[in-house]
Amino acid sequence: MTLVAWTIGILMFWPILWTFLTSFKTEQDAVLMSQLFSTGWTFENFGIVQERSDYLRFAMNSVIIAFGSTLLCLLFAIPAAWSMAFSPSKRTKDTLLWMLSTKMMPPVGALLPIYLIFKEYRLIDQHIPVLIIMFMLNLPLVVWMLFTYFKEIPVDILEAARMDGAGIWQELSRVLAPMALPGIASTFLLNVILAWNEAFWTLKLTDVHAAPLTVFIASYSSPEGLFWAKLSAASTMAIAPILILGWFSQTQLVRGLTFGAVK
Amino acid sequence: MATRHSQGLARLAVAPSVIILFLWMIVPLVMTIYFSFLRYNLLNPDIGGWAGFSNYYYFITDDSFPGAVLNTLLLVASVIAVSVIGGLGLALLMDQPFWGRGFVRLLVISPFFIMPTVSALVWKNLLMNPIYGLFAYLQELVGLTPLDWFAKVPLLSVAIIASWQWLPFAALIILTALQSLDEEQKDASAMDGARFFSYFRYIMLPHLARPITVVILIETIFLLNIFAEIYVTSVGGLAGNLTYLVYFQGLLNFDIGEASAGGLIAVVLANLVSIFLVRVIGRNLEI
Amino acid sequence: MSRIELNAVRKNFGTLSVINGVDLDIYDGGFTVFVGPSGCGKSTLLRLIAGLEDLTSGHILIDGRDVTELGPAQRELAMVFQSYALYPHMSVRNNIGFPLKMAKQSEAVIDAKVRKAAETLNLKDFLDRRPGQLSGGQRQRVAIGRAIVREPKAFLFDEPLSNLDAALRVQMRLEIMQLHKSLGATMVYVTHDQVEAMTMADRIVVLNQGRVEQVGSPLELYDRPKTLFVAGFIGSPKMNFISGALASKHGAATIGIRPEHVQIGDASGAIHATIRIAEHLGSDTFIHVDSADLGAMTVRATGNIEAAPGTALSLTLDPARIHRFDASGQAIF
């Protein structure tokens, strides 16, 4: 049993591990399958990648877009989720499901107008507009995740705070936020991951200046001589930070991705 | 929590999100609908005016359309089949106690966190390249002719990449559901004389029905819109789906009218699925 | 230390009417208990007083001042919740001090008041713990502590003991009563447990289907229940109800007699009955009997009495203790 499980685990992980190993090889070793472990370990690929395509700028853009849009999401979603979790009205359920359905809209339904608007007003390849698109894209998910977390907080405690004389701001900041912190943190994490990996809008709406790592990698799609070690180095640099974040968030992932339908 | 004051405040708190999402949904959609009835080509700014349903007509009668629809459906169906069946197997396996379970779980879930552009390029080059790829090497090792994956079986290649990404997702969700299965039910069914198969058939599967439904629906939504994998592996011409065709018509041929018509067809297709998803989730939603 | 008046208070949830016009005067310094079966509206009534729900119509006055439109914070009341509703992320000290902090009191004042409350409630050694590290009884005390530091006009308790085990419940009951005595504060206490109501209250308000059935001291309710409902609700084991010929003989549609007011004798008496089952409590014996004339009855006998199922015996009803009710369930005095 242990053996089977480990074999499957390693097989699933193999492409990632392979990429990681290849990134330390010379280009000559990279194409030799027999050289599982390279003879000449080298870090030079990373340097070349940085020089050739300015990894750091793309990485910075990824950070700005992923974290920025997520923070913006939280700013809007925390009050909304608070409202729907603790003061539901007859329309709350419909509102939540409607929000969900906006997430189901295929991007091609909105691609052309958004693209034309971006072109018309010269918004292409600008940080803030892309960040805002990403924010709107992920807002429903963030509201949903927070809602499922907030639902687990007994309403009594917020009422107690109200009886104790807490105003709305104090109720949110001193009672709800600290209690919901683990939930907010995992929502944050999952959303950063999703925004980091989003590769439809970023490919269409950014180019160089504001482009995140998804675009950076796409620039390696046309082969140029021996380039596998460099491709691997670039890939490793693009996925490593988020893979590690993903490992931390995996227990909360399910709830977030199933809109609370599976916990 | 039901005073007029708090209710008012609550409505106020939810309003910004609702307004933003409403705009985000409605403005582009209305514009797309509008464009889809226009003669609107960026390369031919002189041609304009109403197009009636001709954009729809041209999009549907385009040579690539039947292929794109077929590719879309095949991609969705095959990836879902692989990820649900494989995910069920993986989840059952990882539900067993074995040494290093937590670590294997991390290994298995990892592909889900890889950005689509990376997984597409890594698979295309490092694994599926007909000369230097790992698969070619293995095929040669057992005396087979290496397969030129993206040239010969482009759709299958994309499906394999997508399956690799979505299998962990299905496995993780089914595993989570399995672990929420009541231990006492297992004991009770054992007391009732159920062997593993009947336990699986009568207790586990019914319990998993909902998570599996959710997996299928969510994957359908994402897989209908799969794009990056097709785009960066440059197989759009061979194995393009509807999303790719819309992109091709709009952003490469600059025929905004026809692409908009195609986009709306994709919207309708996705909505057919999302209605079911929203129902399943709504049924279990307690306010 | 305040008087709370409710005038024609109504509350509807949508089309469902939960409180149907309640007029009530809660005296200054009294211990008033709202009691009734689940769904009778007692908790809603408390929440209306607290300001956690809006009234559909009517008025609530505290010390003569109309507070109907005020939010919970401005009413200067304190509430102890069934779930305790402690802030799990704060220490006991900060939990108790929270209302003072919200009232922008100085650190020194907060510290002194928290310390005093902790002393009163035997919480001194736990001030730096989190609620999660406390036992049920200690959490209950923290919740009370949080209520008393504010020196509120009145204390509201919403079934505060229902999450405790039986022994702790008796102990906390005494502590709350003692607290009431030492503070002399107005307290309103909601429970579904009529034993709690009888033992703790100065005045009991019996609620049923959003209406006040009767208001009175525990013994008034016990001795002179105004309605069939109150008669059946107050007292344990329940009052026996008899209708038919015997009731008509007393000029009533239904008569009631409490188990402790039925005497048992040997089989030679007027009303024949057979023992179905007996519950031995040591101090008392509850004997459930079947009688051809009266139907199923419960009899309470002092001490431990030999009562084998199937034994025939006779019953005597204490005529002075018979309660009479008319067809609409109202008592005939």
Side-chain angles (χ1 to χ4, degrees), chain A residues 74 77-79 81-97 145-189 251-252 255 263, chain C residues 13-15 43 46-47 49-54 70-91 94-105 110 130-132 139 142-150 152-160 163:
Chain A
L74 287 179
I78 288 177
W82 162 80
S83 151
M84 294 200 275
F86 300 115
S87 313
S89 74
K90 266 174 271 169
R91 284 192 307 273
T92 295
K93 184 170 177 168
D94 292 334
T95 309
L96 270 169
L97 291 176
M145 273 189 82
L146 289 178
F147 172 79
T148 62
Y149 284 112
F150 287 179
K151 275 307 258 191
E152 286 170 11
I153 294 173
V155 68
D156 281 4
I157 293 183
L158 299 189
E159 290 186 340
R162 239 168 251 193
M163 292 292 297
D164 286 346
I168 189 71
W169 172 245
Q170 288 154 326
E171 181 186 323
L172 281 174
S173 66
R174 283 181 189 268
V175 181
L176 180 64
M179 283 181 71
L181 204 59
I184 295 175
S186 33
T187 306
F188 182 87
L189 218 53
T251 47
Q252 299 298 331
R255 179 212 294 254
K263 279 182 193 162
Chain C
F13 287 120
T15 54
S43 279
L46 193 75
R47 291 168 60 83
I49 296 171
L52 293 169
E53 303 277 354
D54 276 331
L70 292 186
Q74 290 115 37
R75 298 192 185 188
E76 295 171 66
L77 305 174
M79 183 150 162
V80 175
F81 290 81
Q82 181 173 6
S83 63
Y84 318 135
L86 301 180
Y87 309 120
H89 55 292
M90 296 181 196
S91 65
N94 289 342
N95 260 285
I96 298 177
F98 188 74
L100 301 172
K101 199 165 180 177
M102 290 301 103
K104 304 220 161 43
Q105 305 244 18
I110 295 177
R130 295 278 170 99
R139 284 182 212 184
V142 176
I144 294 172
R146 194 172 64 184
I148 61 177
V149 285
R150 305 180 54 188
K153 290 190 167 169
F155 290 87
L156 310 177
F157 293 88
D158 188 5
E159 308 219 19
N163 287 344

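Every chain is numbered from 1 and lettered A, B, ... according to where its sequence line falls, protein lines coming before strand lines. Bear in mind that the values here come from a model prediction, so they are computed numbers and not experimental data.
Taking chain A as the reference chain and counting heavy-atom pairs below 4.5 Å, the highest number among Ala78(C), Gly71(C), Ala73(C) is found for Ala73(C). Taking Pro88(C), Ala147(C), Gly14(C) one by one and counting their heavy-atom pairs under 4.5 Å with chain A, the maximum is reached by Pro88(C).
Not counting sequence neighbours, the partners of Leu172(A) by the side chain to side chain contact (heavy atoms under 4.5 Å, CB included) test are Trp82(A), Leu176(A). Residues that satisfy the side chain to side chain contact (heavy atoms under 4.5 Å, CB included) test with Ile78(A), not counting sequence neighbours, are Leu74(A), Leu146(A), Phe150(A), Ile184(A). Partners of Phe81(C) by ring-ring contact (aromatic ring centres under 6.0 Å, His included), not counting sequence neighbours: none found.
If you measure heavy-atom distances from Leu100(C) to chain A, you find no contacts under 4.5 Å at all. Heavy-atom distances place no part of Ala103(C) under 4.5 Å from chain A, backbone and side chain included.
Nearest heavy atom pair, residue Leu77(C) against residue Met163(A), reads O-CE, 3.6 Å. The nearest pair of heavy atoms linking Ile157(A) to Leu86(C) is CD1-O, 3.3 Å.
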Here's a test: name every donor-acceptor pair under 3.5 Å between chain A and chain C, with the distance for each.
unit_1    : atom_1 : unit_2    : atom_2 : d
Asp156(A) : OD2    : Ser83(C)  : OG     : 2.5
Glu159(A) : OE1    : Arg47(C)  : NH1    : 2.6
Glu159(A) : OE2    : Arg47(C)  : NH1    : 3.2
Glu159(A) : OE2    : Arg47(C)  : NH2    : 2.6
Ala161(A) : N      : Tyr87(C)  : OH     : 3.1
Met163(A) : O      : Arg150(C) : NH1    : 2.5
Asp164(A) : OD2    : Tyr87(C)  : OH     : 2.8
Arg174(A) : O      : His89(C)  : NE2    : 2.8

